[in-house]
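Quick caveat, the model's predicted, so the values are computed rather than measured. Each chain gets a letter, A, B and so on, in the order its sequence line appears, and its residues count up from 1.
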Amino acid sequence: MKRTLPLALAFIFGLIGIAVQIVPALKGFLNTMLDWMAIIGSFALALGVSSLTRHHMTKIRRKHKDMFFSYVTFVTMLFMMIIGLIGYFQPESLYQRLFGNMYNYVRVPLDASMFALLAFFITSAAYRAFRARTWLATVLLVAGVVVMMGRVAFGPFMIFNDITAWLMKVPTTAAMRGLTIGIGLGIVATSIKIVLGIERSYLGGGE
Amino acid sequence: MLFWYTVAVLLSLAIFSFLWKDNPLYKFAEHLFVGTMVGYTIVMVFSQIIMRKIVDPITLAVHNHQYLNLISLIIATLIGLLYLSRFSQKAQWVSRYPISITVGFWSGYAIVTSFKTNILTQVRGTVVDDMGAPLLNGELLGDFIKSPSWSSLDLAVSGPLLVFGVIVVLIYFFFSIKNENPMVRFANKPALLYLMLGFGASFGYTFMGRISLFIGRMNFIFNEWWPLLKQTIGG
């Protein structure tokens, strides 16, 4: 009941996952199954939110030096949630506009800035990794620099743009295609192991 | 509008302040980001799944007497609710049911999709190009010999180089343990060359993507927010 039934369910639903794609008579059933998975998966959000809440509540209870920031997370989460939910039931209202503005002028700039910040960190990481100690590291360095130049090429430097296009079209495609085929075989093998109940780590420990 | 633009600018600057060192402004922006993301996700799950895929269809099914559909939706919802058993020490094993259903279904689903997209499509792309022409085409080499030019050279060698690259990279990965087979040993160096060119180019591409995001933020500050601020203050 505690382990056998979940394994049986994984096997049955694994077969359904295959059948809805390859058996023409069952293709109409695919959307129902995708809806099922969306519905079931949506409840997992409660676990994520509770885990985040527990983490920050612990910080607040222990009067951690950064507990102010835990309040920031809580207040923003609740604020976003409340205005979003009220806005859902009152379309075109102030709440929905506020939710839209919070998304466009708080979430989007934070997201973009966070990823832009990575440019500086991958530069310092690249400096350490790309030092031309071997011929292979030199190739890595040269390819990286050529593509960077190629992305902003102008005038006589347009040659870098052509080299970049070729690098992306031939060696990069070849390398990534080799990797993709390997990844694909890995996914298929692991999925088969899960469906057959050989791989069980997703059930967690315990009885 | 100036208020929201200013909020966006201040938050962007707070994030970039991390370049100096970890500081309270950055931490504030970071926690604000987490809070807005989680709040936004809750609202999206509620509006797109709870309402659109559970409440509305159940209401419609009851109204139209579609009881089979109704039972299907109720069963899915009940299975989803089993996730909440994680909150109970005694009954948390029950949450294995929704987990195994989800993992099982997506594993089965991935067997077909991964086989199609990651293996068959990639192998096909290594045999023929997008137009269906073979990549190993001797005629293109003949064309290059007849009328040598950069474009005919590109056409003649790109296909064979791509095929060769995929084969050596695959050999390199599948026989990564020490192997004395001459074929495997031969593939080692060219495979590394392809991989380094690929990784270097991917790095350059990713780096420039991040830089363009940074330029986008600076563009917003200097070309949108600053003129708006000047216009507002200047009256």
Side-chain angles (χ1 to χ4, degrees), chain A residues 2 6 9-10 13-14 17-18 21 35-40 42-45 47 69 72-73 76-77 80-81 84 88 101 105-107 109-110 112-116 118-120 136 139-140 143-144 147-148 151 167 170-172 174-175 177-178 180-182 184 187-188 191 194-195 202-203, chain B residues 4 7-8 11-12 15 27 31-36 38-39 42-43 45 47 49 53 76 79-80 83 86 93 96 98 100-101 103-105 107-112 114-115 118-119 122 158 161-162 165-166 169-170 173 192 194-198 200-201 203-205 208 210-211 213-214 217:
Chain A
K2 288 183 180 178
L9 285 171
F13 277 85
I18 299 169
Q21 292 181 89
D35 281 351
W36 262 53
M37 292 306 130
I39 291 168
I40 294 170
S42 69
F43 288 94
L45 180 70
L47 303 184
F69 302 112
V72 171
T73 306
T76 329
M77 183 177 82
M80 199 73 179
M81 191 176 84
Y88 175 78
N101 283 336
Y105 300 106
V106 176
R107 191 204 162 275
L110 282 172
S113 306
M114 202 69 93
F115 278 102
L118 290 181
F120 298 95
L136 284 168
V139 171
L140 189 79
V147 171
M148 284 179 214
R151 301 295 293 162
L167 274 176
V170 181
T172 308
R177 191 164 280 168
T180 309
I181 294 172
I187 291 173
V188 172
S191 299
I194 289 172
V195 173
Y202 65 90
L203 290 175
Chain B
W4 286 109
V7 167
L11 290 175
S12 292
I15 293 287
K27 277 185 184 160
H31 284 75
L32 197 72
F33 181 55
V34 175
T36 46
V38 177
I42 292 170
V43 174
V45 166
S47 61
I49 299 176
K53 289 193 189 291
I79 293 170
Y83 265 121
R86 293 292 287 191
W93 60 271
R96 283 178 184 159
S100 54
I101 287 172
V103 172
F105 177 79
S107 299
Y109 192 82
I111 291 172
V112 181
S114 179
F115 196 75
N118 290 336
I119 302 170
Q122 300 300 328
S158 288
L161 281 175
L162 180 68
V166 174
V169 168
L170 279 174
F173 276 115
L192 280 171
Y194 271 92
L195 284 168
M196 290 304 135
L197 281 172
F203 171 81
Y205 214 74
M208 293 312 279
R210 301 280 185 254
I211 287 290
L213 273 174
F214 179 72
R217 293 324 301 156

Measuring only between side-chain heavy atoms, which start at C-beta, is [X] closer than 4.5 Å to [Y]?
X: B/Y83; Y: A/L47; value: yes
X: A/R151; Y: B/I211; value: no
X: A/V106; Y: B/W4; value: yes

Checking side-chain contact (heavy atoms from CB on, under 4.5 Å) for the pair B/F203/A/L140: CA distance, chi angles, key distance, verdict? CA-CA 9 Å; B/F203 171 81; A/L140 189 79; over 6 Å; no
Given the options B/L195, B/L197, B/L192, A/V139 meets side-chain contact (heavy atoms from CB on, under 4.5 Å) only with B/L197
With only heavy atoms counted, which part of [X] is less than 4.5 Å from chain A, the side chain, the backbone, both or neither?
X: B/L11; value: both
X: B/V166; value: both
X: B/V45; value: side chain
X: B/F173; value: side chain

Selection from A/A175, A/G182, A/A119 maximising heavy-atom pairs under 4.5 Å formed with chain B: A/A119
Highest number of heavy-atom pairs under 4.5 Å with chain B among A/A143, A/S113, A/G178, A/G184 belongs to A/S113
Using the salt bridge (charged side-chain N to carboxylate O under 4.0 Å, His left out) criterion, which residues pair with B/R210? Sequence neighbours excluded. none
Report which part of A/Y88 has an atom under 4.5 Å of a heavy atom belonging to chain B: side chain, backbone, both, or neither. side chain
Name the member of B/I79, B/L170, B/V169, B/V112 that forms the most heavy-atom pairs with chain A at distances under 4.5 Å. B/V112
